[in-house]
> 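The structure is given below, and queries will be raised subsequently.
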Amino acid sequence: MQFDTVFFLGVTSIAIMLYCLWLTLSLKNRVPGGVIGSRWNLLTVLVILFTAGYLTVPFFHKLPPEFINLIVGLIFLFGAIYVLITIRLIFSVITVLTE
């Protein structure tokens with residue numbers, strides 16, 4: 001196993017994503033139902049997908065380039081979806097708080 005900058009960044013990212021996953025799951029019981037609850041569930045699924053994708057980073061040197069490109073592309077796609085859902089969730093919370 002190579003210990004280079006990419007490996008270090010990958011391990012750091014994995015640690016952060018595992019912490020985010022723990023936060024997401026621990027806050028799940030505090031999130032109300034309805035639109036906010038359903039968006040939170042979707043965010044939780046996306047955090048799980050991100051964590052799974054990040055767990056592949058230490059093995060990139062063993063994977064074929066086509067597979068690496070697919071993983072990176074999926075992480076980008078799900079990242080964009082995550083940002084969209086997060087912004088809509090924040091918008092919903094602000095709308096509820098200002099009514």
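No hydrogens, no waters, no symmetry mates; every other heavy atom, side chains included, goes into these values. In this text, all values refer to a predicted model and were calculated from it rather than measured experimentally.
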> Treat each ILVMFWY residue as a node, draw an edge where side-chain heavy atoms are under 4.5 Å apart, and state whether Val83 and Phe78 are in one component.
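In one cluster with Val83: Phe78, no.
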> Which residues, ordered by chain and number, are linked to Leu23 in its hydrophobic cluster, where ILVMFWY side chains connect at heavy-atom gaps below 4.5 Å, directly or through other members?
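Taking Ile, Leu, Val, Met, Phe, Trp and Tyr as members, Leu23 shares its hydrophobic cluster with Tyr19, Trp22.
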> Side-chain contact, heavy-atom cut-off 4.5 Å: Ile14 with Met17?
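The answer is no; the side chains never approach within 4.5 Å.
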> Could you tell me the separation between the CZ atom of Arg39 and the OG1 atom of Thr86, rounded to the nearest 0.5 Å?
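Reported to 0.5 Å precision, the distance equals 10.5 Å.
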> How many angstroms lie between atom CD1 of Ile75 and atom CG of Leu46, to the nearest 0.5 angstrom?
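Result: 12.0 Å between the selected atoms.
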> Determine, stepwise, if the pair Arg88 / Ile85 fulfils side-chain contact (heavy atoms from CB on, under 4.5 Å).
CA-CA 5 Å; Arg88 291 189 53 172; Ile85 293 168; 5.7 Å; no
> Same cluster or not: Phe50 versus Leu9, using hydrophobic residues (I, L, V, M, F, W, Y) connected whenever any side-chain heavy atoms lie under 4.5 Å apart?
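No, it is not one cluster - the side chains of Phe50 and Leu9 are not joined through contacts under 4.5 Å.
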> Could you grab the distance from atom CG of Leu21 to atom CD1 of Ile16, nearest 0.5 Å is fine?
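Those atoms lie 14.0 Å apart.
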> If I take atom CD1 from residue Ile48 and atom SG from residue Cys20, how far apart are they, to the nearest 0.5 angstrom?
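Reported to 0.5 Å precision, the distance equals 12.5 Å.
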> What's the verdict on side-chain contact (heavy atoms from CB on, under 4.5 Å) for Trp40 and Leu27, showing C-alpha distance, side-chain angles and the deciding distance?
CA-CA 9 Å; Trp40 190 264; Leu27 289 172; 3.8 Å; yes
> Grouping I, L, V, M, F, W and Y whenever their side-chain heavy atoms are under 4.5 Å apart, do Val47 and Leu77 come out in a common cluster?
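Linked within one cluster.
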> Any chain of hydrophobic side-chain contacts (each under 4.5 Å) joining Phe67 to Val57?
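Linked within one cluster.
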> What verdict does the side-chain contact (heavy atoms from CB on, under 4.5 Å) test give for Tyr82 and Leu42, after you've listed the backbone C-alpha separation in whole Å, the side-chain angles of each residue and the deciding distance to 0.1 Å?
CA-CA 9 Å; Tyr82 184 88; Leu42 188 52; over 6 Å; no
> Nearest 0.5 Å please: distance from the CG atom of Leu43 over to the CD1 atom of Ile81.
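The distance works out to 11.0 Å.
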> Any link between Phe8 and Tyr54 through a network of hydrophobic side chains (Ile, Leu, Val, Met, Phe, Trp, Tyr) touching at under 4.5 Å?
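No, Phe8 and Tyr54 fall in different hydrophobic clusters.
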> If you look at every heavy atom in Ile68 and Leu63, which pair is closest and at what distance?
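Heavy atoms only, the tightest pair is CD1-O, 3.6 Å.
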